[in-house]
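Notes for the one structure printed next.
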Amino acid sequence: MYIRGDKLTGTKRALEMVQDCARGAAIATQTEVQMESLYPPYQETVPSRVLSDVVAKNMEDLHLDIGDNNAISMGSTDFGNISSVIPVFCPTLKISEADIHTAQFAMDVKGDLAHEAICNGAYIIAKTILDMAQSKDLIAEMKKEFKMYYGKCV
């Protein structure tokens, strides 16, 4: 079984509830149940404010709408687990006007808007790496922020 959620604490509680239901069903049917988790639970994503601000500046250079560059898209992912090990950023770039999980969206991922997003994304990542590499102060600030949140250095 696998339980997903937007916060690790809620995910753990939901897992406990599912396990309780399975144990209750086993008792009610006078059977046994065995449960195991095949994968570690997804942790919530915690973007680096310092890194996200650098990304936002680079998005603005391209005249892109940055919206909330620390907003996390819906859905679960192991990206949160990664964000507990290294600082991350979570911008999104529009690749379609259509809703996701639609036939039109599937067609649009091969279109001009998606291609432009790929090129913009490459620029944003490369420029962010360059900006961070050229600033010991930004690196120090990002490390301090990460240590304050997770209690460990990167």
Discussion item. Does Y150 form a side chain to side chain contact (heavy atoms under 4.5 Å, CB included) with V46? I'd like the steps, not just the answer.
Written reply: CA-CA 10 Å; Y150 287 107; V46 181; 3.4 Å; yes
Are [X] and [Y] connected, step by step, through hydrophobic side chains (Ile, Leu, Val, Met, Phe, Trp, Tyr) whose heavy atoms are closer than 4.5 Å?
X: F146; Y: L8; answer: no
X: I95; Y: F79; answer: no
X: F89; Y: L130; answer: no

When rounded to the nearest 0.5 angstrom, what is the spacing between [atom1] in [X] and [atom2] in [Y]?
X: S84; Y: D78; atom1: OG; atom2: CG; result: 10.5 Å
X: T11; Y: Q43; atom1: OG1; atom2: CD; result: 10.0 Å
X: K147; Y: M142; atom1: NZ; atom2: CE; result: 15.0 Å
X: K127; Y: N120; atom1: NZ; atom2: CG; result: 14.5 Å
X: S37; Y: Q19; atom1: OG; atom2: CD; result: 6.5 Å
X: M35; Y: L15; atom1: CE; atom2: CG; result: 8.5 Å

Item to complete: Considering only NZ, NE, NH1 and NH2 on the basic side and carboxylate oxygens on the acidic side, decide whether E141 and K144 come within less than 4.0 Å.
Response: no
Fill in: Derivation of the side chain to side chain contact (heavy atoms under 4.5 Å, CB included) call for S96 and V109
CA-CA 7 Å; S96 174; V109 299; over 6 Å; no
Return yes if some donor-acceptor pair links the side-chain N/O of [X] with the main-chain N/O of [Y] below 3.5 Å, else return no.
X: E145; Y: S48; value: no
X: D131; Y: K57; value: no
X: S135; Y: M132; value: no

Discussion item. Apply side chain to side chain contact (heavy atoms under 4.5 Å, CB included) to residues E36 and L38 and explain how you reach the verdict.
Written reply: CA-CA 6 Å; E36 68 177 284; L38 301 176; 3.5 Å; yes
Discussion item. Before you tell me yes or no, could you show the steps for I129 and I125 under side chain to side chain contact (heavy atoms under 4.5 Å, CB included), namely the whole-Å CA-CA distance, both residues' side-chain angles and the distance that decides it to 0.1 Å?
Written reply: CA-CA 6 Å; I129 291 168; I125 291 169; 3.8 Å; yes
Run the side-chain donor-acceptor check on residues 98-105: report pairs under 3.5 Å with partners two or more places apart or on a different chain.
unit_1: T102; atom_1: OG1; unit_2: D99; atom_2: O; d: 2.6
unit_1: T102; atom_1: OG1; unit_2: F105; atom_2: N; d: 3.1
unit_1: Q104; atom_1: NE2; unit_2: D108; atom_2: OD1; d: 2.6

Identify all side-chain donor-acceptor contacts of residues 110-117 below 3.5 Å with residues at least two apart in sequence or on another chain.
none

Practice prompt. Return the minimal non-hydrogen interatomic distance between S52 and V88, and the atom names on each side.
Written response: OG-O, 4.4 Å
Fill in: Minimum-distance pair of heavy atoms, taken over all atoms of I124 and N58
O-ND2, 4.1 Å
